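On a predicted model such as this, the values are computed, not experimentally measured, just so you know.
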Amino acid sequence: MHGEYKVPGGKLVVVDLCVEDGRLKNVRVAGDFFLEPDEAILLIDDALEGAPADTDTAGLTARINAALPPSAVLFGFTSESVAVAVRRALAQATEWGDYDWQLIHEGPQPPALHMALDEVVTAEVAAGRRPPTLRVWEWDSPAVVIGSFQSLRNEVSPEGAARHGITVVRRISGGGAMFVEPQSTITYSLAVPEALVSGLSFADSYAYLDDWVLAALGDMGIKAWYQPLNDIATEVGKVAGAAQKRVVGPGGGPGAVLHHVTMSYDIDADKMLDVLRIGKEKLSDKGTRSAGKRVDPLRRQTGLPREAVIEKMIDSFRSRYGLTRGEVTEGEMARARELVRTKFEDAAWTARIP
């Protein structure tokens, strides 16, 4: 069995092993990380040898830590990342390069249609009828997108939304509210087979699926990192937030993961504060007293036009994993438009948690 795990912002960890009588055998750990002393790599192998195959990530991490001397230095990886690679090997997880990735980047579309396309595209990936897909959104109007479990009245001021002509829609994933203006926002979705994140915790899958974005931002001169659970941050502020939804495959089989991110290219903080009801608890959780300071737009940090930032992101993904241009099929669009009519423009869905 073979497992790989690219540490977000770090190095690649590779594990080869087999299982005999329910225990790990012939364990070999490798990668492009740094480790001192040199013989510590053998200590890691020995720590994993003979471990019960059902040992969880925490248990495998504890075995490795107990075997390493206090003087050991792990750079670019951790004991936990080795354990994750083991679990991915046992789960027979796939890798990014195992797939032919498709890009969907079409013209501006209404907010409710974007919500529906996320649901339809992910269901198609889960059913095996569509390859793993990167979809870059273009918006035709301003919107507030609230999370699946948020209270509508707690998150949005109806007077503020009406004042600024803003549509309010509810998405299928959890997380917080997104304030969107077409030329001030960069949004993308990944619809990926569940096997790509096998062996990862729910929290780790967030960082794993956005590691390519951190590299793309780095190429634009921005040092960025993942701030658990679902923020992408820089030295001068948050630039993005992520959300996920797991979709079960046909007949309850392996499914797909929807992972989408909204990035602030620019932002009208006064308008955002007039529309969103951002409470003191949320501000304190983000370590700031001012809602207007919670997000630091990419325009200020890159100096690049919005379209150039998007193209650099797409180019970064393509250079790492390959990417072929595609489109939403007629059948997918028909199903999405039906979902708009029956769900995403229906007040019963938008206000399902009043």
Side-chain angles (χ1 to χ4, degrees), residues 1-69 72-99 101 132 190 192-215 225-226 228-229 242 244 246 254-257 259 317 320-322:
M1 298 178 184
H2 178 85
E4 297 185 3
Y5 178 56
K6 169 65 169 62
V7 180
K11 298 297 184 177
L12 179 68
V13 180
V14 180
V15 176
D16 290 284
L17 56 84
C18 60
V19 175
E20 294 180 7
D21 299 324
R23 294 185 175 272
L24 307 186
K25 297 293 182 183
N26 301 324
V27 181
R28 294 293 179 268
V29 176
D32 59 356
F33 48 76
F34 301 91
L35 175 63
E36 295 290 347
D38 191 78
E39 59 271 18
I41 190 69
L42 300 178
L43 297 177
I44 294 175
D45 291 345
D46 290 344
L48 296 169
E49 191 74 18
D54 60 357
T55 307
D56 62 13
T57 300
L60 294 171
T61 300
R63 290 176 71 104
I64 296 170
N65 287 336
L68 290 173
V73 177
L74 289 70
F75 187 70
F77 79 120
T78 63
S79 298
E80 183 180 15
S81 64
V82 176
V84 169
V86 170
R87 295 307 314 168
R88 285 177 60 75
L90 293 167
Q92 300 183 38
T94 56
E95 307 298 334
W96 293 86
D98 293 336
Y99 300 104
W101 292 87
L190 284 170
V192 307
E194 187 179 28
L196 183 63
V197 296
S198 292
L200 298 178
S201 69
F202 189 84
D204 287 342
S205 70
Y206 273 80
Y208 183 72
L209 291 176
D210 276 332
D211 190 53
W212 68 277
V213 177
L214 305 186
W225 60 89
Y226 226 88
L229 171 64
Q244 284 188 7
R246 307 293 170 109
V257 178
H259 177 95
F317 191 102
R320 292 162 72 93
Y321 311 125

Notebook entry, point to check: At their closest point, which heavy atom of Leu24 faces which heavy atom of Ala53, and how far apart are they?
Noted result: CD2-CA, 4.0 Å
Next item on the list: Give a yes or no on whether the backbone of Val192 and the side-chain of Tyr99 come within a donor-acceptor separation of less than 3.5 Å.
Entry: no
Next item on the list: Take the angle between the ring planes of Phe34 and Phe75 and call it parallel below 30°, perpendicular above 60°, tilted in between.
Entry: tilted
Check: Do you know which two heavy atoms are closest between Ala91 and Gly199, and how far apart they sit?
Finding: CB-N, 4.2 Å
Next item on the list: Mind listing the closest non-hydrogen atom pair of Ala83 and Thr61 along with its distance?
Entry: CB-OG1, 3.4 Å
Next item on the list: Report the distance from atom OH of Tyr226 to atom OH of Tyr208, rounding to the nearest 0.5 Å.
Entry: 14.0 Å
Note to self: Does Val197 form a side chain to side chain contact (heavy atoms under 4.5 Å, CB included) with His259? I'd like the steps, not just the answer.
What the structure shows: CA-CA 11 Å; Val197 296; His259 177 95; over 6 Å; no
Margin query: Whether the side chain of Asn65 engages the backbone of Ala62 through a donor-acceptor N/O pair (distance < 3.5 Å, no angle test) should be reported.
Written below: no
Next item on the list: Quick one: closest heavy-atom pair of Asn26 and Glu49, and the distance?
Entry: N-OE2, 2.9 Å
Next item on the list: Taking Arg28 for its side chain and Asp45 for its backbone only, find out whether a donor-acceptor pair lies under 3.5 Å.
Entry: no
Margin query: Distance check, rounded to the nearest 0.5 Å: Leu190 atom CG versus Asp210 atom CG?
Written below: 7.0 Å
Item checked: Closest approach of Leu17 to Leu90 (non-hydrogen atoms, all atoms of both residues) -> CD1-CD2, 3.9 Å
Next item on the list: Could you tell me whether a side-chain N or O of Trp101 sits under 3.5 Å from a main-chain N or O of Trp96, the two making a donor and an acceptor?
Entry: yes
Notebook entry, point to check: For Pro52, what residues pass the side-chain contact (heavy atoms from CB on, under 4.5 Å) criterion, not counting sequence neighbours?
Noted result: Arg23, Asp54, Thr55, Arg63
Side-chain donor-acceptor contacts of residues 3-15 below 3.5 Å, not counting sequence neighbours, with atom names and distances?
residue	atom	partner	partner atom	Å
Glu4	OE2	His2	NE2	2.9
Lys6	NZ	Gly10	O	2.9
Lys6	NZ	Asp211	OD2	3.2

Checklist line | For Ala67, all residues meeting side-chain contact (heavy atoms from CB on, under 4.5 Å), sequence neighbours excluded | finding: Ala47
Check: So how far is it from Glu36 CD to Leu74 CG, rounded to the nearest 0.5 Å?
Finding: 10.5 Å
Next item on the list: Kindly compute the distance separating CZ (Arg87) from CG (Asp56), expressed to the nearest 0.5 Å.
Entry: 7.5 Å
Next item on the list: Decide yes or no on side chain to side chain contact (heavy atoms under 4.5 Å, CB included) for Val82 and Leu48, but give the supporting numbers first.
Entry: CA-CA 10 Å; Val82 176; Leu48 296 169; 3.9 Å; yes
Check: Are the side chain of Ser198 and the backbone N or O of Arg88 linked by a donor-acceptor pair below 3.5 Å?
Finding: no
Check: Mind checking whether Trp212 and Phe317 have parallel, tilted or perpendicular rings, split at 30° and 60°?
Finding: perpendicular
